[in-house]
Participant: 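There's a structure below that I have some questions on.
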2 protein chains.
Amino acid sequence: MRIGELAQRCGTTTRALRYYESLGLLTARRSANGQREYDESDLRLVAQIRSLTDIGFALEDTRPFVECLRTGHASGDACPASVAVYRRKLAELEEFIGRLTAARDRVRAQLDDAERRSRPCKR
Amino acid sequence: MRIGELAQRCGTTTRALRYYESLGLLTARRSANGQREYDESDLRLVAQIRSLTDIGFALEDTRPFVECLRTGHASGDACPASVAVYRRKLAELEEFIGRLTAARDRVRAQLDDAERRSRPCKR
DNA sequence: CTCCACGTTGACGTGGACGTCAAGTCCAGG
DNA sequence: CCTGGACTTGACGTCCACGTCAACGTGGAG
């Protein structure tokens with residue numbers, strides 16, 4: 001398939017796919033007229049990238065998973081490098097969630113406060 | 001006080017303060033030599049901005065709070081516009097935390113999965 | 001006087017993940 | 001043959017909150 005179809009089937013854009021290629025995350029053989037040709041394995045690869053970036057992974061963080069798929073593994077997280085990224089990201093997520101939760105609690109407290117001040121007699 | 005002192009007392013930089021001014025969040029009268037002069041009310045104003053951005057507010061979101069302080073209110077969240085921003089931000093935070101939590105759970109599951117596959121016999 | 005810290009403005013850089021042109025090629029349908 | 005759509009490369013734009021640099025003015029200490 002060509003780049004437009006791949007983009008559509010992966011729910012992304014041709015621009016993004018070319019960008020991935022510029023990063024070396026994606027490679028494509030060229031048909032006679034110079035157009036990129038992709039197959040199902042590329043689709044799985046892009047799907048892997050998207051599923052990770054959707055979770056908040058940076059594109060660079062998806063590289064180990066992509067490499068892992070390239071070396072023939074059935075899933076991108078079968079390699080130790082990928083698992084290491086999982087661990088790191090998990091820790092990052094934990095910390096981020098913690099900070100956001102604290103922030104939320106503060107905002108909620110401020111909001112309650114502000115409401116109490118604005119209508120101290122209601123109920 | 002001048003901009004350097006204000007920056008230091010607010011835990012930020014002169015560059016940031018000038019940036020706030022360029023956005024209209026902060027205004028300063030000028031002394032004879034053209035240097036910005038601030039007082040304690042400016043300090044409270046910047047402190048308000050910082051406390052909000054630290055929580056994850058965008059600078060634009062701090063504007064209602066700043067306006068509120070400017071109109072003489074004791075606290076920046078005494079005005080309805082500020083409270084509205086609180087509400088919106090709270091909702092955004094909730095949703096974001098939800099998404100991240102889901103992502104974390106997925107990553108954790110993937111990680112467990114990957115580890116089970118890589119050493120299926122260990123314990 | 002010099003020196004140094006501080007201030008001024010304006011312009012450009014950063015990072016991340018693309019969007020958005022521009023200007024051309026290639027192919028199928030009518 | 002023409003038109004339209006999909007494709008190509010390359011370069012520049014976007015967002016946000018500043019950082020960094022240049023080139024200069026100002027005020028006080030020694």
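Below, all heavy atoms of this structure are taken into account, side chains as well, without hydrogens, waters or symmetry copies. Just so we're on the same page: letters track the sequence lines, and every chain starts at 1.
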Participant: Suppose we call a contact any N or O donor and acceptor under 3.5 Å apart; does that hold for the side chain of B/Arg2 and the base of C/dG7?
Facilitator: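 Not at all, since no donor on one side and acceptor on the other fall under 3.5 Å apart.
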
Participant: If you assign each of B/Ala32 and B/Arg50 to its closest nucleotide in DNA chain D, which residue comes earlier from the 5' end?
Facilitator: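 Final value for this comparison: B/Arg50.
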
Participant: Counting C-beta onward and ignoring hydrogens, is there a side-chain heavy-atom pair between B/Glu92 and B/Arg87 closer than 4.5 Å?
Facilitator: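 Result no, sub-4.5 Å side-chain heavy-atom pair not found.
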
Participant: Hey, are A/Glu37 and A/Arg2 close enough for a salt bridge, meaning a charged N less than 4.0 Å from a carboxylate O?
Facilitator: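 Salt bridge absent between A/Glu37 and A/Arg2.
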
Participant: Establish whether B/Leu45 and B/Ile55 are linked, either directly or via other cluster members, by ILVMFWY side-chain heavy-atom contacts under 4.5 Å.
Facilitator: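 No, B/Leu45 does not connect to B/Ile55 through the hydrophobic network.
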
Participant: Using whole Å, what does the distance between atom C1' of nucleotide C/dG16 and atom CG of A/Asp54 come to?
Facilitator: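 One finds 15 Å between C1' of C/dG16 and CG of A/Asp54, rounded.
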
Participant: From the list D/dG19, C/dT8, D/dC18, which nucleotide is the closest neighbour of the side chain of B/Thr13?
Facilitator: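 Within the option list, the nearest is D/dG19.
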
Participant: Nearest whole Å is fine: how far is D/dA6 P from A/Met1 CE?
Facilitator: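 Distance, rounded to whole Å: 16 Å.
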
Participant: Over how many whole Å does the gap from A/Arg15 atom CZ to C/dA22 atom C1' extend?
Facilitator: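 About 14 Å, once rounded to whole Å.
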
Participant: Give the rounded distance in Å between these two atoms: CG of A/Asn33 and C1' of D/dG5.
Facilitator: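 Value for this atom pair: 14 Å.
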
Participant: Which is more 5' along DNA chain C, the nucleotide nearest A/Ala16 or the one nearest A/Gln35? Just name the residue.
Facilitator: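 Nearest-nucleotide comparison on DNA chain C picks A/Ala16.
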
Participant: From the options D/dA17, C/dT9, C/dA17, select the nucleotide whose nearest atom is closest to the side chain of A/Ala58.
Facilitator: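 The listed nucleotide nearest to A/Ala58's side chain is C/dA17.
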
Participant: Whether B/Arg88 and B/Asp61 form a salt bridge (side-chain N of Lys/Arg under 4.0 Å from carboxylate O of Asp/Glu) is what I want to check.
Facilitator: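 Salt bridge present between B/Asp61 and B/Arg88.
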
Participant: Nearest to the side chain of B/Tyr19 - C/dG7, C/dA17, D/dA17?
Facilitator: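 Of all the options, the side chain of B/Tyr19 is nearest to D/dA17.
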
Participant: Using only modelled atom types and a 3.5 angstrom limit, is any donor from either the side chain of B/Arg18 or the base of C/dT9 paired with an acceptor on the other?
Facilitator: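 Per atom types, no contact qualifies.
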
